[in-house]
Every structure is written in C-alpha cells, then in structure tokens.
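Please read the structure below before turning to the comments.
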Protein chains: 2
Amino acid sequence: MATVTNQVEERKPVTRNTIQRALVLEAVQSLHEHPTSADVYEAVRAKHPNISRATVYRNLGVLADKGEVLRVEVAGGADRYDFFNEPHYHARCRQCGMIFDVDMPYRSDLTEDVIDSHGFKIEGHQIMFDGVCPDCQKK
Amino acid sequence: MATVTNQVEERKPVTRNTIQRALVLEAVQSLHEHPTSADVYEAVRAKHPNISRATVYRNLGVLADKGEVLRVEVAGGADRYDFFNEPHYHARCRQCGMIFDVDMPYRSDLTEDVIDSHGFKIEGHQIMFDGVCPDCQKK
DNA sequence: ATGACTGCAAAGGGTTTGCATTGAA
DNA sequence: TTCAATGCAAACCCTTTGCAGTCAT
C-alpha cells in the first residue's frame, strides 16, 4: 500500500553527511572575512583537491538553507558566506569590495518605520553600508 | 569591483547628446516599475530597432553617474533603474523578484546608529526589504 | 578635426543545471 | 536498495570590453 504523502506538505529530502559538505562548512567557519564561494572552493581544495565548484555551490546552498551559515548577497558581486549566522548588518568597501560586519543593533522592528507598504508583506530586510575601509583609506 | 578613485583630479569627458542616450533616458522615465536594462533595451528598440545592448548599458551607466536616473543594484539579479532619483528604499518580492518603492523616510543619519565602525568610513547605505508582493499573495 | 559614441561580437564573472556515477542511509 | 550527492561540462544570466567605424561638437 502506498504511503500517504501530503500533496501540500513540503517534503524536504533527508540530507546526508558527506565529506564535501563537512569540508565546506569547516571552510566557512575558519574563514572569518566573509569568503566568496571561490574562497571556500580554494580552501576546501587544499584538503580535498578533487572537489568540484558545483559541489561547493550546492553545499553552500544547503548550509545556508539549514541556517548553518549566513549567505550575504552582494549586489554586483559574488555572494559572501558568514560563519556568524545571526542576522546583522554589513558594510562594503567601495574600493576593494571587502565586506565588514557593522557594529549596530539589529532592528527587527524596522518594518514599523514603513508608513504604507501598499499591501506588500514585509518579512525581512538587509542594510548594506558603503564607504571606505581602513586599509583603503591609507592608500 | 573596485571603482578606481583617482588621486589626481578625475577629468570627466564632455558628454554628447545622442539619440540613443535621449531614448534610454526617455525609456527609464516612462517605465515606472523599476525596469531592468533588458526592459529598457526592449522599450528603446521599439523606436530605434538598431540599438545594441552595449549602448543601452553604457548609457544607463552615464545617466546613473550624472544622477539623471537612479541605479538600484539588486543582489542576485539584474540591476534596476529608477526615474525617481532621490535616495529611497526598496522592497523585493521573494516570489516574482519585482522591486517596489518603500514608503519610509530616508534615514540620512542612520550611520549614527553604528556603535563602532572600526575605522571604516561610512558614506552611504541601502536598505532592501523582502517579502511577498500583493500580486503574489493572491496566488 | 577631435574623440565620445556607436554596433557588433566576443569575453567575462558568478552561478546553475543535465547527466551518468558514486556512496551514505 | 534507494536516492541524495558528486564531478564534469555545458549552459545560463547579466554585464563589460575590444574594435573599427560614425557622428556630435
């Protein structure tokens, strides 16, 4: 007899523990400067030379979905990944493109500042500051 | 990535008034739904079929630099252009990707909420809300 | 006459996807 | 045994660039 599976219910596949997945997570957790997928790929490749880019991308996606890492989408640049997975804000250097954490309390209530959302259901927000990082100011 | 800021004075070339430029500006000003470069390209092509994508991109760049249109960079998607060129905030629909203006006062003082910028010189910020737009809520 | 601007095609970057195979459960 | 995950290559999307010719100034 067929198992009764709910049509509506979203069935998420069971994730498996592969070495590749573990290594990707480990890489993100050891790289504290908001690594790009390319950075992660290079780091993992040092230990596991045969890993493919696709696998890194897929695992970063899985880990971000599970909330084990934070994906920081950057407009006009590669996505960054953050081992610090609590919501927080970032700043991007206009010159070198580096991403920095911003020391500012997370405003989970920011939506209340919206006067009229015109029926749009706001569920989250990101703030990206931009400017010049300490290193680039010296140049 | 890095916008090369010249130490020496940056001499910007004299801009010329081409039909292509005028048509691109006209298109952005007539399309009020945050058009992508592709949208602008299509709109201009209706009047001027021989225009190339490269010309549209280059002109959107020039117009954005001159402040005649606002470029809204979208993480993980095509850039949008806005005829309303005062700084303001946006919301992106998680389902259809559409960009909406958010009715919330611009916080030019937001930088003051930063506790410690660790030497980073903050010069600007963007806020992107995300959620579900009215149309997608109906589906 | 100058050089900003154009169209075209090719290249670039970041990311995703199709497919046959492998391997964790 | 199953089907999630892998490696590879090709495809994808958006954007930029090199080039030779054009046109606004």
Side-chain angles (χ1 to χ4, degrees), chain A residues 2-3 5 10-28 34-42 44-45 47-66 68-69 71-81 92 96-97 99, chain B residues 1-4 10-25 27-28 34-42 44-45 47-66 68-69 71-81 92 96-97 99:
Chain A
T3 335
T5 22
E10 193 135 342
R11 51 154 299 216
K12 50 190 79 173
V14 184
T15 59
R16 294 176 179 178
N17 297 325
T18 61
I19 352 147
Q20 289 89 341
R21 181 109 81 223
L23 288 169
V24 167
L25 177 57
E26 215 176 88
V28 175
H34 304 87
T36 62
S37 73
D39 297 330
V40 173
Y41 174 63
E42 288 309 329
V44 173
R45 216 152 59 117
K47 289 185 174 177
H48 193 89
N50 284 354
I51 198 166
S52 83
R53 288 199 139 81
T55 296
V56 172
Y57 276 107
R58 282 186 283 233
N59 278 319
L60 287 171
V62 171
L63 293 170
D65 286 350
K66 292 207 280 177
E68 298 191 31
V69 305
R71 170 185 273 137
V72 183
E73 296 191 301
V74 179
D79 288 355
R80 308 296 191 123
Y81 294 87
R92 173 168 42 158
C96 67
I99 300 293
Chain B
M1 179 131 16
T3 337
V4 181
E10 192 129 350
R11 55 147 303 186
K12 49 190 78 175
V14 185
T15 59
R16 293 178 177 177
N17 297 323
T18 62
I19 350 147
Q20 290 89 340
R21 182 109 81 224
L23 288 170
V24 167
L25 177 56
V28 175
H34 304 85
T36 62
S37 73
D39 298 329
V40 174
Y41 174 63
E42 289 308 331
V44 173
R45 216 153 59 116
K47 289 185 174 178
H48 194 87
N50 284 355
I51 198 167
S52 83
R53 285 199 141 83
T55 296
V56 171
Y57 275 107
R58 282 187 283 233
N59 278 317
L60 287 171
V62 171
L63 293 170
D65 285 349
K66 292 207 282 179
E68 298 192 32
V69 305
R71 171 185 273 136
V72 183
E73 295 191 302
V74 179
D79 287 355
R80 307 296 192 123
Y81 294 88
R92 173 167 43 156
C96 67
I99 300 293

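These numbers were taken from a predicted model, which means no experiment stands behind them. Residue numbers start from 1 in every chain, and the chains themselves are labelled A, B, ... in the order their sequence lines are given, proteins ahead of strands.
B:Leu63 has its side chain within reach of B:Val24: a pair of non-hydrogen atoms, C-beta onward, lies under 4.5 Å apart. Side-chain contact between B:Thr55 and B:Val44 is absent, with no heavy atoms from C-beta onward closer than 4.5 Å. No side-chain heavy atom of B:Leu23 sits under 4.5 Å from any side-chain heavy atom of B:Ile51.
Residues passing the side-chain hydrogen bond (donor to acceptor under 3.5 Å, both in side chains) test with A:Thr18: none are found, sequence neighbours excluded. Looking at residues two or more places apart in sequence or on another chain, you find a side chain to side chain contact (heavy atoms under 4.5 Å, CB included) between A:Ala54 and A:Ser52, A:Arg58. For the salt bridge (Lys or Arg N to Asp or Glu O under 4.0 Å) test, no residue two or more places apart in sequence or in another chain qualifies with B:Arg53. Residues passing the side chain to side chain contact (heavy atoms under 4.5 Å, CB included) test with A:Ala38, sequence neighbours excluded: A:Thr36. Annotation: side-chain hydrogen bond (donor to acceptor under 3.5 Å, both in side chains) contacts of A:Arg21 (sequence neighbours excluded): A:Asn59. Residues meeting the side-chain hydrogen bond (donor to acceptor under 3.5 Å, both in side chains) test with A:Tyr41, sequence neighbours left out: none. Under the salt bridge (Lys or Arg N to Asp or Glu O under 4.0 Å) criterion, A:Arg16 pairs with no residue at all, not counting sequence neighbours.
Taking atom CD1 of residue A:Ile51 and atom C1' of nucleotide C:dG23, one finds them 15 Å apart after rounding to whole Å. Per the geometry, OH belonging to B:Tyr41 stands 15 Å off C1' belonging to D:dC13, to the nearest Å. Across the protein-nucleic acid pair, B:Arg45 atom CZ and C:dC8 atom C1' stand 14 Å apart, rounded to whole Å. For the pair B:Leu60 CG and C:dT6 C1', the interatomic distance rounds to 15 Å; values are reported in whole Å. At whole-Å resolution of the value, NE2 in B:His48 and C1' in C:dC8 are 14 Å apart.
In the helix from C:dA1-D:dT25 to C:dA25-D:dT1, the terminal helix axes, each the rotation mapping four pairs' C1' atoms onto the next four within five end pairs, subtend 30°, rounded to 10°.
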List, one per line, each side-chain donor-acceptor pair under 3.5 Å for residues 72-81 of chain B, sequence neighbours excluded.
| from | atom 1 | to | atom 2 | distance (Å) |
| --- | --- | --- | --- | --- |
| B:Arg80 | NH1 | B:His34 | O | 2.8 |
| B:Arg80 | NH2 | B:Gly97 | O | 3.2 |
| B:Tyr81 | OH | B:Arg71 | NE | 3.2 |
| B:Tyr81 | OH | B:Arg71 | NH2 | 3.3 |

- Task: List the protein contact pattern of nucleotides 14-23 of chain D with one symbol per nucleotide (5' to 3'): B for base contact, S for sugar-phosphate-only contact, - for none; contact means a heavy-atom distance under 4.0 Å.
- Result: SBBBB----B

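Phosphate proximity of D:dT6 to A:Asn59: present, with a side-chain N or O under 4.0 Å from OP1 or OP2.
Contacts between residues 17-25 of chain A and DNA chain D, defined by a heavy-atom separation under 4.0 Å, are made by A:Thr18, A:Gln20, A:Arg21.
In this structure, B:Thr15 and A:Val56 both approach DNA chain D, and ranking their closest nucleotides by distance from the 5' end singles out A:Val56.
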